[in-house]
Amino acid sequence: MEPSTPPITPQQWKRVMKQDGEVVLTLSIRRPAFPDTGKTARMERYFARIAQQWKARWETLLFPRACQALTDTRETGKPFIPWQAELDYTVTLWQPPLLSLRLEAVESGQSTRPLHIWMGETWDCASGYPRTLRSFFPAKAHRWRRGLLEKIRDQAARQLASGESLLDPDCPQVMERAFDPDRFYLTDSGIAVFYPLYVLGAYAEGIPVFTVPIPDPS
């Protein structure tokens, strides 16, 4: 019998960074951890590396900026609100051996809109290797990318026509050149393709997601 839950143990890490005794930046990471043995050892190393990359970014790039913001607010007499950065994940599909996740990093700074960054990860737990977007299309589907883009462009056009979104009017044209086959994850509804903030619309639109059914492998 297949396990009803994925082979994940959430691993958490937190840090509070200060300048002159005052909190300027709080960091938080919750990442998927896997047994460091067998097929999932590669997955464990991969997600551990992702966590380390975000720690390095925040400690070497974000922390100095937060310290400078604290200095600036002291000079103006305004109150300082500590910056925050966090990384978390959501399991979007567990259909053994397939495991798909969406990772989200959020960075909040002084008087700025929070920055949201998504990462999609889909793995075959039996082999311990990631699955590419191309791998979900039939082997002979040489124009798989064109067909996929047509489907998500049609979705964007319908949303614009109905007025239900804040996408830019030219987003159907932008979608092709901004498309990245690494920006996807799986759900019960199919393949979810997403675009970064601001690429297709205003901040209020959030991160645009377009879902298409997984093609029949035959």
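All values below were derived from every heavy atom in this structure, side-chain atoms included, with hydrogens, water molecules and symmetry-related copies excluded. The structure presented is a predicted model; accordingly, all values stated were derived computationally and were not measured. Residue numbers count from 1 along this sequence.
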OG1 (Thr187) and CD (Gln95) are apart, to the nearest 0.5 Å, by 10.5 Å
Please confirm whether Arg183 makes a cation-pi placement over Tyr195, using NZ or CZ under 6.0 Å from the six-membered ring centre and within 45° of the ring normal.
no
d(Lys18 NZ, Leu70 CG) to nearest 0.5 Å is 13.0 Å
- Heavy atoms, side chains only, cut-off 4.5 Å: are Ile214 and Ile191 in contact? yes
Hydrophobic clustering (ILVMFWY, side-chain heavy atoms < 4.5 Å, transitive) - are Leu115 and Trp54 grouped together? yes
Indicate if Leu87 and Val91 have the same hydrophobic cluster label, given that clusters are the connected sets of ILVMFWY residues with side-chain heavy-atom separations under 4.5 angstrom. yes
- Query: Under 3.5 Å, is there a donor-acceptor pair between the side chain of Asp20 and the main chain of Glu22?
  - Reply: no
For this session: Compare all side-chain heavy atoms of Trp94 with those of Cys125 and state whether any distance is below 4.5 angstrom.
Result: yes
On a heavy-atom basis, the closest approach of Pro208 and Pro196 is CD-O, 4.1 Å
Tightest non-hydrogen contact, residues Ser108 and Pro114, listed as OG-CB, 3.7 Å
Margin query: When you measure from the centre of the six-membered ring of Phe80, is the NZ or CZ of Arg74 closer than 6.0 Å and no more than 45° off the axis?
Written below: no
Q) Would a distance-only check, ignoring hydrogens and angles, find a side-chain to backbone donor-acceptor pair under 3.5 Å from Ser100 to Thr92? A) no
Check: Considering only heavy atoms from C-beta outward, does the side chain of Met17 approach that of Thr26 to under 4.5 Å?
Finding: no
Value for CD1 (Ile207) from CZ (Arg102), rounded to nearest 0.5 Å, stands at 8.5 Å
Under the 3.5 angstrom rule, does the side chain of Thr71 hit a backbone N or O of Cys67 as a donor-acceptor pair?
-> yes
Only one of Ile50, Asp88, Ile117, Thr90 passes side chain to side chain contact (heavy atoms under 4.5 Å, CB included) with Leu103, and that residue is Ile50
| query | Taking the side chain from Thr73 and the backbone from Ala69, do they hold a donor-acceptor pair closer than 3.5 Å? | reply | yes
Exercise for the section: I would like to know whether Trp83 and Phe63 meet side chain to side chain contact (heavy atoms under 4.5 Å, CB included); could you show each step before the answer? Expected result: CA-CA 9 Å; Trp83 290 25; Phe63 178 59; over 6 Å; no
Discussion item. Measuring only between side-chain heavy atoms, which start at C-beta, is Leu99 closer than 4.5 Å to Thr122?
Written reply: no
Open item on the list: Contact between Glu121 and Trp123 at the side-chain level, heavy atoms closer than 4.5 Å - yes or no?
Closed with: yes
Rounded to the nearest 0.5 Å, the CD1 atom of Ile29 sits from the CD atom of Gln52 at a distance of 7.5 Å
(Q) Under 6.0 Å between ring centres: does that hold for Phe47 and Phe34? (A) yes
Closest heavy-atom pair, Cys171 versus Leu160, reported as atoms and distance to 0.1 Å, is SG-CD1, 3.9 Å
ask   = Would you call the rings of Phe137 and Trp144 parallel, tilted or perpendicular, where under 30° means parallel and over 60° means perpendicular?
value = tilted
| task | Take Val193 and Val209 through the test side chain to side chain contact (heavy atoms under 4.5 Å, CB included) and record every step on the way to the result. | result | CA-CA 6 Å; Val193 177; Val209 183; over 6 Å; no
For Ile152 and Met175, the nearest pair of non-hydrogen atoms, with its separation, is O-CE, 3.4 Å
Quiz prompt | Modelled atom types, side-chain donor and acceptor of Tyr198 and Glu205, under 3.5 Å | solution = no
Q: Determine, for Arg145 against Glu150, whether the closest basic-nitrogen to carboxylate-oxygen distance falls under 4.0 angstrom.
A: no
So the side chain to side chain donor-acceptor pair (under 3.5 Å) pairs with at least one residue in residues 165-174 (sequence neighbours excluded) are none
Check your understanding: Do Trp58 and Glu107 have side-chain heavy atoms sitting under 4.5 Å apart?
Key -> yes
Are the charged groups of Glu59 and Arg15 less than 4.0 angstrom apart, N to O?
yes
message = I'd like to know if Arg65 pairs up with Asp72 as an ion pair, taking the criterion as any Lys NZ or Arg NE/NH1/NH2 lying under 4.0 Å from an Asp or Glu carboxylate oxygen.
response = no
Value for CE (Met43) from CG (Asp124), rounded to nearest 0.5 Å, stands at 8.5 Å
d(Met119 CE, Asp182 CG) to nearest 0.5 Å is 12.0 Å
field: Any Leu148 side-chain heavy atom under 4.5 Å of Phe210 side chain
entry: no
Does the side chain of Tyr203 come within less than 4.5 Å of Leu197's, by heavy atoms?
yes
- Query: Got a donor-acceptor contact below 3.5 angstrom from the Glu86 side chain to the Ala105 backbone?
  - Reply: no
Review point. Is NZ or CZ of Arg31 both nearer than 6.0 Å to the six-membered ring centre of Trp13 and within 45° of the ring axis?
Key: no
Nearest heavy-atom approach of Ala41 to Asp36 is CB-OD1, 3.6 Å
